[in-house]
Amino acid sequence: MSVHAYGAYAGDKPLEPMEITRRAPGPHDVQIDIAYCGICHSDLHQVRAEWAGTHFPCVPGHEIVGQVSAVGAHVKGFRIGDRVGVGCIVDSCQHCEECDAGMENYCDGMVGTYNFPTADAPGWTLGGYSRQIVVHERYVLRVGHPEAQLAAVAPLLCAGITTYSPLKHWGAGPGKKVGIVGIGGLGHMGIKLAHAMGAHVVAFTTSESKREAALALGADEVVVSRDTEDMAAHTQSLDLIVNTVAAPHDLDAFLVLLKRDGAMVLVGAPATPHPSPGVFSLITRRRTLAGSMIGGIPETQEMLDFCAEHGIVADIELIRADEINAAYERMLKGEVKYRFVIDNATLAS
Ligand code: NAP
Ligand code: ZN
């Protein structure tokens, strides 16, 4: 079936309207009419070929919400009309240790929602900047939020789970002091989620202008990371830092803020490496530098349910498809408050 989409034909070309094809739903497939799709910084890294191996045409988008419009004969969990989401994963091997543990995000055979090999045309996956997608039911999530919040739920499918997973794994909660570095799409969700988990939240930003907003998002304290005195005041005080910054930067400046046995988890994925951390900022307090990638399907459902229960959604700016290129430029300047979401009804060419 031919579907309206928005994507790029080369890394140095703007995104533009295009037609793509979707497979007819197989026995275990769910066909989704996409209502909204968030714009993740990963979309920009991939479509501009900042990360290696982009296939063109490239249709990004892995923060997908919409309604089920058809189901395969063997689909048990979904019905036409259900409100659903799809995040960064549309397939995996389904039989390895990681898949068995519900951590499909760490399966070697994980198929990402865009730019991963697939039997479907054109040979790699095409993402959510499109009117429709067809996905195996295992990778489809239920959305419990009210219909009116649907657009603001979209970013939970990547920005939400990518911050929820390390916060949970490293024990954010009451009595813990948690730093969130970078207040963009991921970071603003990190603040909301860590706050809802009961942690004391310290937001680190390069933008003085985000101070008030960070407090409103749920931060207990805000530090402008260019202010060395303010940074020094937090030395050895944090249990956990989730670092979402999309560009290489000095990690030592944040590592020294951790207590003994504290951990900094990198989730930002810059195109070029960070300068290596100095070993002394690690060994002097037995600190950990770690990484985390999105989350598995069961944990993504858990996060969506947690957010529905706590009334958590993203702060979004809803845009038309023809505003995507301008939105990318504003995201690069750190101007988005805090996630652009595309109204996919505007994708008709
Ligand atoms: P974003 O909305 O652009 O936010 C990134 C934030 O980092 C900015 O708002 C800015 O916050 C801060 N920043 C500081 N210096 C920067 C610089 N020189 N360039 C860019 N940002 C800078 O991006 P996002 O969508 O949250 O994604 C953040 C990163 O996470 C990206 O690299 C993305 O690819 C990656 N990611 C990883 C995963 C994963 O599974 N690990 C999942 C999704 C995304 P302040 O203004 O507050 O300083
Ligand atoms: Zn993403």
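First listed ligand is number 1; within each ligand, the first listed atom is number 1. Computed over heavy atoms, backbone and side chain alike; hydrogens, waters and symmetry mates excluded.
Applying the 4.0 Å criterion to heavy atoms of Ile294 picks out, from ligand 1, the atoms 39 (C), 40 (O). Close contacts of ligand 1 with Trp51, meaning ligand atoms under 4.0 Å from a residue heavy atom, involve 34 (O). Residue Arg339 has at least one heavy-atom neighbour below 4.0 Å for each of these atoms of ligand 1: 24 (P), 25 (O). Per-residue contacts place Thr205 under 4.0 angstrom from the following atoms of ligand 1 (heavy atoms of the residue considered): 45 (P), 46 (O), 47 (O), 48 (O).
In terms of protein heavy atoms, atom 48 (O) of ligand 1 is closest to Thr206 OG1, 2.6 Å. The single protein non-hydrogen atom nearest to atom 26 (O) of ligand 1 is Leu186 N, 2.8 Å, given as residue, atom name and distance. Ser42 OG, 3.4 Å is the protein heavy atom nearest to atom 33 (C) of ligand 1. Of the protein's non-hydrogen atoms, the one nearest atom 12 (C) of ligand 1 is Gly182 CA, 4.0 Å. With respect to atom 18 (N) of ligand 1, the closest heavy atom belonging to the protein is Ala247 CB, 3.3 Å. Here the protein heavy atom with the shortest distance to atom 2 (O) of ligand 1 is Gly185 N, 2.9 Å.
Counting only heavy atoms from C-beta outward, the side chains of Glu323 and Glu317 never approach each other to under 4.5 Å.
Here the side chain of Asp82 pairs no donor or acceptor atom with the backbone of Val84 at under 3.5 angstrom.
Any N or O atom pair closer than 3.5 Å counts here, and Ile183 shares at least one such pair with ligand 1. Considering backbone and side-chain N/O of Ser207, one or more are found under 3.5 Å from N/O of ligand 1. Taking only nitrogen or oxygen atoms, main chain and side chain alike, Met293 does not reach within less than 3.5 Å of ligand 1. Taking any N or O of Ala269, backbone or side chain, at least one lies under 3.5 Å from an N or O belonging to ligand 1.
One finds the CZ atom of Phe116 at 11.5 Å from the CG atom of Asp91 (value rounded to the nearest 0.5 Å). Separation of atoms CZ (Phe340) and CD1 (Ile324) is listed at 11.0 Å; rounding is to 0.5 Å. Once rounded to the nearest 0.5 Å, the distance linking CE of Met189 with OG1 of Thr162 reads 10.5 Å. To the nearest 0.5 Å, the span separating OG1 on Thr205 from CZ on Arg211 amounts to 9.0 Å. Arg131 contributes atom CZ, which lies 6.5 Å from atom CG of Leu347 (distance to the nearest 0.5 angstrom).
Between Lys177 and Asp220, no side-chain nitrogen of the basic residue sits less than 4.0 Å from a carboxylate oxygen of the acidic one, so the salt-bridge criterion is not met.
Proximity of Ala159 to ligand 1 is not established, as no heavy-atom distance is less than 4.0 Å. Ligand 1 has at least one atom lying under 4.0 Å from a heavy atom of Ser292. Residue contacts with ligand 1 do not include Phe340, since none of its heavy atoms lies under 4.0 Å from the ligand. Heavy-atom separations between His249 and ligand 1 are all 4.0 Å or longer.
Each of Leu126, Ile20, Thr113 was checked for a side-chain contact (heavy atoms from CB on, under 4.5 Å) with Ile133, and the lone residue meeting it is Thr113.
Summarising the contacts of atom 42 (C) of ligand 1 with Thr162, Asp43, Val267, Val224, the nearest heavy atom is found in Thr162. Among Gly268, Ser225, Ala246, the residue whose heavy atom sits closest to atom 30 (O) of ligand 1 is Gly268. Compare Ala271, Cys158, Gly184 by their heavy atoms: the one nearest to atom 6 (C) of ligand 1 is in Gly184. Of the candidates His45, His62, Lys210, it is Lys210 that places a heavy atom closest to atom 8 (C) of ligand 1. For atom 13 (N) of ligand 1, the choice among Thr244, Val245, Thr163, Val181 with the nearest heavy atom turns out to be Val245. Of the candidates Glu50, Met331, Glu335, His41, the one placing a heavy atom closest to atom 27 (O) of ligand 1 is His41.
Contact annotation: Cys88 places no N, O or S atom under 2.8 Å from the Zn ion (ligand 2). For the Zn ion (ligand 2), the set of nearby N, O or S atoms under 2.8 Å includes none belonging to His41.
At a threshold of 4.5 Å between side-chain heavy atoms, the hydrophobic network of Ile, Leu, Val, Met, Phe, Trp and Tyr places Tyr6 and Ile319 in one connected group.
Classified by interplanar angle (parallel below 30°, tilted 30° to 60°, perpendicular above 60°), the ring pair His62/Tyr114 is parallel. Ring pair Phe254/Phe204 is perpendicular by interplanar angle, where above 60° counts as perpendicular and below 30° as parallel.
Tyr139 and Ser92 share a side-chain donor-acceptor pair at under 3.5 Å.
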Would you please test Lys259 and Asp239 for salt bridge (Lys or Arg N to Asp or Glu O under 4.0 Å) and show each step? CA-CA 6 Å; Lys259 287 179 181 164; Asp239 297 284; 3.3 Å; yes
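The 12-atom threshold is not exceeded at CZ of Phe280, counting heavy atoms of other residues, nucleotides or ligands nearer than 6.0 Å.
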